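Everything numeric here is computed off the predicted structure, so don't read it as measured data. We number each residue from 1, following the sequence as shown.
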Amino acid sequence: MTRDTFQLSSARFRVGLGVVAIGFALGYARGASACASCGCGDPTLTSLGAEKPFRNRLRLSLDGRYRTDKIGQFGVDQIALNEWRLDGQVAWAPHDRLFLVGTVPLLARTVSYVNGGEIKTIGIGDIELRAKAFVFQDRVMFPQHLLAVHAGIKIPTAPMQHGPDGSKLPIEVQPGTGSWDPLVGVSYAFFTRPWSFYTSASAAVPLRGTDEFRASRSLRLAASVQRQFIPELALRLGADVRIDGKSYEDGAPERDSGGAIAFASPELLISPITDLIFVLSVRVPVVQALNGYHREGPILGFAVAYDL
């Protein structure tokens with residue numbers, strides 16, 4: 001990584017930390033004094049993104065993931081990616097039916113080339129800002145049915161990464177998309193202790209970036225069921241599908257882009273003390289129907305969330 005790249009990544013990282021700090025300060029100033037279980041009237045453990053709302057709920061989280069990705073033909077032009085990702089997130093509910101969420105990712109990446117060369121980088125990814133509005137719940141206290149709509153934007157804060165010859169890497173192994181990406185979605189949650197169910201559909205529509213470079217439009221579908229055995233322990237079993245369109249470089253479609261992939265995703269949720277949750281997860285690709293020469297590996301995850 002060159003000095004200029006490092007300085008650019010550092011500057012963007014400081015901007016990202018500033019966004020999180022501002023969100024934390026705004027939320028903390030209005031923080032709720034009751035525990036999350038008391039506030040939402042349900043002791044169900046919830047993973048990131050599946051929280052029940054109540055006014056002034058503030059959740060801080062760190063979500064770490066490790067993944068691998070391979071693009072290109074083996075022995076010819078294959079590029080292999082190993083990535084550690086840490087998402088810092090602030091989720092604040094200024095209203096009983098609204099969550100505002102800010103996410104800042106930090107990425108440590110190793111890109112390996114077919115000729116044995118490697119490039120290692122550490123820097124910020126694309127910052128994401130989202131709003132989640134609950135448009136229906138069956139009752140004010142102890143709701144069982146929750147329907148929400150989502151909207152947001154990904155900000156192109158990640159630097160575009162280049163290979164040894166100076167050309168841009170394929171968009172599938174970039175740390176960001178290089179464009180402003182609108183996000184929309186819908187989700188439904190059902191709670192009946194000790195069981196809970198969550199399903200969602202979301203779409204990302206990247207706009208055109210620089211040099212006629214545009215990331216894939218993407219549709220994601222997810223569903224999970226959770227069984228809480230004791231107040232401190234729950235098991236969540238999920239499945240999710242990602243369907244991608246073609247990405248474009250210099251106005252032409254990329255060979256190794258687009259297609260579909262499905263994951264099976266077991267999670268273990270542990271809450272040793274009130275308002276603190278640890279999540280251990282693995283996402284295993286069970287169906288890979290990606291176009292061209294593109295192969296993704298399992299995703300290992302560890303997260304911690306705390307409600308203030």
Chemist: Are Ser218 and Asp244 close enough that a side-chain donor and a side-chain acceptor fall under 3.5 Å?
Modeler: yes
Chemist: Determine whether Ile155 and Ile124 fall in the same hydrophobic cluster, where Ile, Leu, Val, Met, Phe, Trp and Tyr are linked whenever their side-chain heavy atoms lie under 4.5 Å apart.
Modeler: yes
Chemist: Within the 4.5 Å heavy-atom criterion, are Val76 and Val114 side-chain neighbours or not?
Modeler: no
Chemist: Could you tell me if the side chain of Leu81 sits less than 4.5 Å from the side chain of Arg67, heavy atoms only?
Modeler: yes
Chemist: For the residue pair Ala264 and Val286, what are the closest heavy atoms and their distance?
Modeler: CB-CG1, 4.0 Å
Chemist: Short question: side chain of Asp256, backbone of His294 - any donor-acceptor pair under 3.5 Å?
Modeler: no
Chemist: Decide yes or no for Arg283 and Glu296: does some side-chain heavy atom of the first lie under 4.5 Å from some side-chain heavy atom of the second?
Modeler: no
Chemist: Could you check whether any side-chain N or O of Thr103 sits under 3.5 Å from a backbone N or O of Gln89, counting only pairs where one atom can act as donor and the other as acceptor?
Modeler: no
Chemist: Is there side-chain contact between Tyr188 and Phe190, with at least one heavy-atom pair below 4.5 Å?
Modeler: yes
Chemist: Out of curiosity, Ser281 OG to Asp63 CG, how far, rounded to the nearest 0.5 Å?
Modeler: 7.0 Å
Chemist: With the side chain counted from C-beta on, respond yes when Leu269 and Gln226 share a heavy-atom pair under 4.5 Å apart, and no when they do not.
Modeler: yes
Chemist: For Arg255, is there any backbone N or O sitting under 3.5 Å from a side-chain donor or acceptor partner on Lys246?
Modeler: yes
Chemist: Count I, L, V, M, F, W, Y as connected when their side-chain heavy atoms are under 4.5 Å apart, and connections chain through other members. Are Trp92 and Leu98 then in the same cluster?
Modeler: yes
Chemist: For the CZ atom of Arg295 and the CG atom of Asp69, what is their distance to the nearest 0.5 Å?
Modeler: 11.0 Å
Chemist: Does Tyr293 have more than 12 heavy atoms from other residues, nucleotides or ligands lying within 6.0 Å of its OH?
Modeler: no
Chemist: How about Arg85: does its CZ atom have over 12 heavy atoms from other parts shown lying under 6.0 Å from it?
Modeler: yes
Chemist: Would you confirm whether Thr110, through its side chain, and Asn82, through its main-chain N or O, come within 3.5 Å as a donor-acceptor pair?
Modeler: no
Chemist: Between Ala50 and Arg236, what is the shortest heavy-atom contact and its length?
Modeler: CB-NH2, 4.0 Å
Chemist: In Å, rounded to the nearest 0.5 Å, how long is the span from CD1 of Ile261 to CZ of Arg242?
Modeler: 5.5 Å
Chemist: With a cut-off of 6.0 Å (strictly less than), are more than 12 heavy atoms of other residues, nucleotides or ligands near CZ of Phe74?
Modeler: no
Chemist: To the closest 0.5 Å, what do you measure between CZ (Phe278) and CG (Leu268)?
Modeler: 12.0 Å
Chemist: To check you understand the geometry: which heavy-atom pair defines the closest contact between Ser216 and Ser257, and what is its length?
Modeler: OG-CB, 4.4 Å
Chemist: Could you pull out the closest heavy-atom pair between Gly88 and Leu62, with the gap in Å?
Modeler: CA-CD2, 3.9 Å
Chemist: Honestly curious: do Ile277 and Ile230 fall in one hydrophobic cluster under the side-chain, below-4.5 Å linking rule?
Modeler: no
Chemist: How long is the span from the CG atom in Leu100 to the CZ atom in Arg130, to the nearest 0.5 Å?
Modeler: 10.5 Å
Chemist: If you compare all heavy atoms of Phe191 against all heavy atoms of Ser196, which two are closest, and at what distance to 0.1 Å?
Modeler: CD2-CB, 3.8 Å
Chemist: Please examine the side chains of Leu107 and Thr121, heavy atoms only from C-beta on, and report whether any two atoms are closer than 4.5 Å.
Modeler: no
Chemist: Do the side chain of Thr157 and the main chain of Gly125 share a donor and acceptor less than 3.5 angstrom apart?
Modeler: yes
Chemist: What distance separates Ile153 CD1 from Leu129 CG, expressed to the nearest 0.5 Å?
Modeler: 8.5 Å
Chemist: Between Ser61 (side chain only) and Val304 (backbone N and O only), is there a donor and an acceptor less than 3.5 Å apart?
Modeler: no
Chemist: I'd like to know if the side chain of Asp96 reaches the main chain of Arg55, judged simply by a donor and an acceptor atom lying under 3.5 Å from each other, with no hydrogens or angles considered.
Modeler: yes
Chemist: Which heavy atom in Ala91 sits nearest to a heavy atom in Val101, and how many Å separate them?
Modeler: CB-CG2, 4.1 Å
Chemist: Same cluster or not: Leu221 versus Phe263, using hydrophobic residues (I, L, V, M, F, W, Y) connected whenever any side-chain heavy atoms lie under 4.5 Å apart?
Modeler: no
Chemist: Taking the side chain from Ser271 and the backbone from Leu276, do they hold a donor-acceptor pair closer than 3.5 Å?
Modeler: yes
Chemist: Can you tell if the side chain of Ser187 reaches within under 4.5 Å of the side chain of Tyr198, non-hydrogen atoms only?
Modeler: yes
Chemist: Checking Asp138 side chain against Gln144 main chain: does a donor-acceptor pair fall under 3.5 Å?
Modeler: yes
Chemist: Less than 4.5 Å apart, any side-chain heavy atom of Gln161 and any of Arg109?
Modeler: yes
Chemist: With the 4.5 Å side-chain cut-off for hydrophobic clustering, are Val184 and Trp180 part of the same group?
Modeler: no
Chemist: Go through the side-chain N and O atoms of Thr177 and Ser179 and say whether any donor and acceptor fall under 3.5 Å apart.
Modeler: yes
Chemist: Would you say Gln228's side chain and Leu45's backbone share a donor-acceptor pair under 3.5 angstrom?
Modeler: yes
Chemist: Counting neighbours of NZ on Lys70 that are heavy atoms of other residues, nucleotides or ligands and sit closer than 6.0 Å, is the number greater than 12?
Modeler: no
Chemist: Counting only heavy atoms from other residues, nucleotides and ligands, does the tally under 6.0 Å from CZ of Arg97 exceed 12?
Modeler: yes
